[in-house]
Amino acid sequence: MKACFARTMVLAAMLASTSALAQEQALEPVVDAATEINQAARSSQLTVDKIADTTQERMQQYKQINRQISGLEVYVQQLQRQIDFQEQEQLDLNASIDEVSVVERQITPLMLRMIESLETFVELDVPFLADERANRIASLQDLMDRADVDVSEKFRRVMEAYQIEADYGRTIEAYNGEMAVDGQAQEVEFLRVGRTAFIYKTRNGEQLAVWNQQAREWQDLDASYASDVQEALRIARKQLAPDLLMLPIFTDSAQAGE
């Protein structure tokens with residue numbers, strides 16, 4: 001009985017082992033399939049994660065490109081406004097050029113008349129700096145004939161000459177020159193006080209004369225004016241501080257007075 005029981009146990013063990021082996025063999029495809037599924041799942045997850053990362057990256061790129069596009073749209077709008085403004089400026093400039101041609105045709109005769117009037121004025125004015133003023137007018141007349149000088153420059157020079165003449169009326173000046181005194185050329189000192197008084201004094205101080213604008217001639221001055229004239233000359237040469245001057249002038253009746 002014991003031997004029979006032992007064989008039975010061995011047989012049972014063998015059967016159990018055979019059954020376990022059979023079960024194991026039966027489960028191997030399932031395990032393999034589960035392993036493949038898990039690997040496929042991991043691979044799919046990696047693919048999903050990669051797609052998600054790529055999608056996020058693409059989304060960031062998309063947002064960045066949208067911002068760039070928005071910035072470019074603003075920039076293009078600004079450029080368009082600048083272009084519109086420049087086009088308007090071009091139209092205005094073309095209109096101005098057309099107007100300049102008309103103005104040039106009108107301003108040239110005006111400048112010629114201005115120079116002619118200035119020449120007449122200098123001829124009738126107190127005869128100080130006669131050569132300098134005549135040369136300035138001659139220079140303007142020559143300038144008007146030059147084709148290589150712009151109209152604007154010509155007009156500037158004419159206005160500058162007028163300004164110089166205007167300034168003579170409110171300045172005091174002393175300069176050296178020559179005068180025919182008693183039929184002989186002598187060096188003298190000229191004194192100009194605006195256009196009010198024009199006086200000369202010989203170098204030795206023996207002779208003084210004042211210009212009478214009404215009579216358009218020089219008239220002798222009394223020697224009593226010598227110190228006043230000398231002081232005025234020093235003031236004009238900035239050798240003395242400005243001070244009250246006592247100088248002869250002429251009234252409408254062409255009489256000398258103080």
Side-chain angles (χ1 to χ4, degrees), residues 111 113-144 149 153-258:
M111 288 189 292
R113 291 193 299 270
M114 291 174 68
I115 295 172
E116 183 179 353
S117 297
L118 188 61
E119 183 178 18
T120 301
F121 173 79
V122 170
E123 290 175 354
L124 298 176
D125 194 22
V126 178
F128 59 87
L129 299 173
D131 291 340
E132 178 182 323
R133 297 164 78 190
N135 290 337
R136 184 181 299 116
I137 292 172
S139 176
L140 289 176
Q141 291 169 338
D142 293 340
L143 183 69
M144 293 302 297
V149 180
E153 175 62 16
K154 293 178 180 178
F155 187 74
R156 186 192 69 79
R157 293 279 296 277
V158 171
M159 294 305 298
E160 181 182 58
Y162 267 78
Q163 185 61 54
I164 292 172
E165 288 294 331
D167 291 341
Y168 286 143
R170 53 176 176 267
T171 57
I172 180 172
E173 180 181 23
Y175 63 94
N176 298 329
E178 283 190 355
M179 275 293 298
V181 180
D182 296 333
Q184 294 183 349
Q186 293 191 34
E187 289 189 2
V188 299
E189 290 183 281
F190 287 104
L191 171 67
R192 178 185 59 79
V193 181
R195 286 184 166 86
T196 303
F198 186 42
I199 301 169
Y200 76 77
K201 177 180 76 69
T202 57
R203 284 291 188 178
N204 56 19
E206 293 180 355
Q207 288 183 283
L208 295 171
V210 61
W211 177 259
N212 185 332
Q213 179 64 6
Q214 286 77 24
R216 295 200 60 80
E217 64 180 16
W218 289 99
Q219 294 186 357
D220 293 335
L221 280 178
D222 189 88
S224 61
Y225 288 106
S227 61
D228 293 326
V229 171
Q230 184 59 37
E231 182 181 358
L233 285 167
R234 295 185 65 188
I235 291 174
R237 296 185 188 279
K238 296 181 172 55
Q239 296 171 349
L240 285 178
D243 198 357
L244 181 65
L245 297 174
M246 301 296 292
L247 296 173
I249 60 172
F250 285 91
T251 64
D252 292 339
S253 59
Q255 297 296 320
E258 293 186 356

Non-neighbouring partners of Met159 that pass side-chain contact (heavy atoms from CB on, under 4.5 Å), sequence neighbours left out: Met114, Phe155
Under the side-chain contact (heavy atoms from CB on, under 4.5 Å) test, residues paired with Asp142 that sit two or more places apart: none
Test side-chain contact (heavy atoms from CB on, under 4.5 Å) applied to Leu208 and Asp222, step by step: CA-CA 7 Å; Leu208 295 171; Asp222 189 88; over 6 Å; no
Residues which pass salt bridge (Lys or Arg N to Asp or Glu O under 4.0 Å) with Glu160, listed by chain and number, not counting sequence neighbours: Arg156
Atom CD of Glu116 with >12 non-hydrogen neighbours under 6.0 angstrom: no
Flag if over 12 foreign heavy atoms under 6.0 Å of CD, Gln184: no
Check: Arg216 and Trp211 side chains under 4.5 Å, non-hydrogen atoms: yes
Quick one: list whatever passes side-chain hydrogen bond (donor to acceptor under 3.5 Å, both in side chains) with [X], sequence neighbours left out.
X: Thr202; answer: Asn204
X: Ser227; answer: none
X: Gln186; answer: none
X: Gln141; answer: Glu119

Sequence-distant partners of Tyr168, ring-ring contact (aromatic ring centres under 6.0 Å, His included), two or more places apart: Phe128
Those residues that, when tested against Tyr175, pass ring-ring contact (aromatic ring centres under 6.0 Å, His included) (two or more places apart): Phe190
Contact list for residues 165-174, test salt bridge (Lys or Arg N to Asp or Glu O under 4.0 Å), sequence neighbours left out: Arg133-Glu165, Arg136-Glu165, Glu165-Arg195, Asp167-Arg170, Glu173-Arg192
Without placing hydrogens or testing angles, list every side-chain donor-acceptor pair under 3.5 Å for residues 231-241, not counting sequence neighbours.
unit_1, atom_1, unit_2, atom_2, d
Arg237, NH2, Asn176, OD1, 3.1
Arg237, NH2, Glu189, OE2, 3.2

From Ile164 atom CD1 to Thr171 atom OG1, the distance as rounded to the nearest 0.5 Å: 11.0 Å
Donor-acceptor contact below 3.5 Å, side chain Ser139 vs main chain Asn135: no
Polar side-chain atom of Asp125 near backbone of Phe121 as donor-acceptor pair, under 3.5 Å: no
